[in-house]
Trainee: 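Next up is a structure, given as structure tokens.
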Protein chains: 2
Amino acid sequence: MQRPDEKKRQLIAATAAKLFATRPFHKVKLDDVAAEAGVGKGTLYVYFKSKEDLYFWLIYDAFSQVIEQLESQLGRGELSASQTLRRIIAELVKFGFDNPQLFELMRSAGPRIKDERWETKRKELVTLIEKTIRRGNKSGEFDDPHPEITALCLPGFMRSVMLFGSRGLDERTVVVQITRLVERGVCGGEGSDKNDKRNVAVATGRNGR
Amino acid sequence: MQRPDEKKRQLIAATAAKLFATRPFHKVKLDDVAAEAGVGKGTLYVYFKSKEDLYFWLIYDAFSQVIEQLESQLGRGELSASQTLRRIIAELVKFGFDNPQLFELMRSAGPRIKDERWETKRKELVTLIEKTIRRGNKSGEFDDPHPEITALCLPGFMRSVMLFGSRGLDERTVVVQITRLVERGVCGGEGSDKNDKRNVAVATGRNGR
DNA sequence: TCTACAATACTGGCGGGTCGGTTTTGAGGA
DNA sequence: TCCTCAAAACCGACCCGCCAGTATTGTAGA
């Protein structure tokens, strides 16, 4: 009896990922995916139940991988919040560099392709970051008044750099810079809040549009 | 068909924006846009040459608006780099809050909807930020080794917050927090580079995947 | 009456999904 | 080791609904 071939599934997935990263969802033809992967169109439906299912699997898989990777890295020993945050950043950047098309891929389809499993995974990641910052706040390493916003921003960094950064950027540089941005934002100290508020008020206080 | 009614054009655009923000490009039917806008389908083609053209115009217009708004705000008087940066952030966040669907809208279609005009506008914005940081570096206000990366990240912040931030977030809070993140990242001072590099190395130096 | 536009009918092709025929695989018997 | 057979993968031509884009008609206002 012929068995489903995991290699083939991966081949199809990889091919689809490449195409979805190149053009928007609605311009990717399953005929093309099949042709490019060197399989029959019908075979696609052996491994995936629909075009959307295929696309979703791609993203979901990537997310699961990062999170799994992160958790295995962090769960190992007991790290300080600061060290943990650095690990997270390094790991995320590494993952991005290892999967350079991932962020293009995520742009292929738009909002609300149903399913919340995707959203769940995303939140998992953000929460992981947020908790780390909160831990740092408690331990005195950090003093971030809005861990939830900062946590939200970190993946945004990644995205920006991976999507729009010049090709010349190397991984180390990116890690250092993002670490710098986040860590300083997160730490307490200079740049008093009073000062912040005054200046921000100046910048904000204008006529509404 | 003769006199192009700008009001109607705006009406169509606004309606389309609403729909594109709700579901992916390929699930938005022009019949729906026409119906919802209360115009005939044919009329759409008076104002836009195709579905893609319509979508494209939406994004392009928004970008042009932000940039124009920014430049008018900044060109006025002579501001320090620091003040300028704060203005930029405040302005961007304001724009985001004024156009809450913008970021969802930008997700509707994916990469490479041809045309580079879009990309040009985006770069214009990033360059504006980058130049401000460089100016601050020169004047001694800032000391950012990678203005190009930081500049890239700022819009990424925006996106993250607008797309995924909880509804409860208010504009002021977001401005303050983003300002905090960026400004601290950008300033020189504590958190010596030596220290950074050592710790980052610790976080990075692991087995490759 | 004439203009402009909403409404709506129409068409063409495009692409997601299917289905029946074909090939591959591996288990079990000798 | 080899043969047999059935289950399931594989294929790709085809089907069919959908929708962008166009042409036609009806109507309200001037």
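Remember, it's a predicted structure, so these values are computed and weren't measured experimentally. Just so we're on the same page: letters track the sequence lines, and every chain starts at 1.
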Trainee: Round to a whole Å and report the spacing from NZ of B:K51 to P of C:dG13.
Mentor: 19 Å
Trainee: In whole angstrom, give the distance that lies between atom CD of A:E6 and atom C1' of D:dA9.
Mentor: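 After rounding, the reported distance stands at 15 Å.
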Trainee: Where the side chain of B:T43 is defined as all heavy atoms beyond and including C-beta, which of C:dG16, C:dA6, D:dG21 is the nearest nucleotide?
Mentor: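 Taking heavy atoms from C-beta onward, the closest nucleotide is C:dA6.
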Trainee: Just how far, in rounded Å, is C1' of D:dG12 from CG of A:D32?
Mentor: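 From A:D32 CG to D:dG12 C1': 14 Å.
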Trainee: Please confirm whether the shortest side-chain N or O distance from A:K41 to OP1 or OP2 of D:dG12 is below 4.0 Å.
Mentor: no
Trainee: Can you tell which of D:dA9, C:dG17, C:dA6 lies closest to the side chain of A:P4?
Mentor: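 That would be D:dA9.
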Trainee: Just to verify, which of B:W57, B:Y60, B:F56 counts as forming a ring-ring contact (aromatic ring centres under 6.0 Å, His included) with B:F48?
Mentor: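 That would be B:W57; it is the only one of B:W57, B:Y60, B:F56 passing the ring-ring contact (aromatic ring centres under 6.0 Å, His included) with B:F48.
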Trainee: Would you mind reading off the distance between A:D31 atom CG and C:dG13 atom P, rounded to a whole angstrom?
Mentor: 17 Å
Trainee: Between A:E52 and B:K27, does at least one N-O distance fall below 4.0 Å, as a salt bridge requires?
Mentor: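 Looking at B:K27 together with A:E52, the answer is yes, because their closest N to O distance falls below 4.0 Å.
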Trainee: Could you check whether B:R107 pairs with B:E104 (Lys NZ or Arg NE/NH1/NH2 to Asp/Glu carboxylate O, under 4.0 Å)?
Mentor: yes
Trainee: Whole angstroms only, please: what is the CD-C1' distance between B:E36 and C:dA7?
Mentor: 17 Å
Trainee: Could you state the atom-to-atom distance from CG of B:L54 to C1' of D:dC19 in whole Å?
Mentor: 15 Å
Trainee: I need the CD1-C1' distance between B:I12 and C:dA6, as an integer number of Å.
Mentor: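 My rounded result for the distance is 12 Å.
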Trainee: Both A:K29 and A:G42 contact DNA chain C. Which one's nearest nucleotide lies toward the 5' end?
Mentor: A:K29
Trainee: At under 4.0 Å between heavy atoms, what does A:Y47 touch on the DNA or RNA strands: base, sugar-phosphate, or nothing?
Mentor: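 Sugar-phosphate only.
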Trainee: Output the rounded distance in Å from NZ (A:K49) to P (C:dG16).
Mentor: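 Rounded to the whole Å, the gap is 15 Å.
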Trainee: Check every strand shown and say whether B:V33 touches a base, only sugar-phosphate, or nothing at a heavy-atom separation below 4.0 Å.
Mentor: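 Touches nothing.
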Trainee: B:K8 side chain: which of C:dG16, C:dA6, D:dG21 is closest?
Mentor: C:dA6
Trainee: Could you tell me whether a side-chain N or O of A:D144 sits under 3.5 Å from a main-chain N or O of A:H146, the two making a donor and an acceptor?
Mentor: yes
Trainee: Quick one: do A:R86 and A:E183 make a salt bridge, cutoff under 4.0 Å?
Mentor: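 Looking at A:R86 and A:E183, the cut-off is met.
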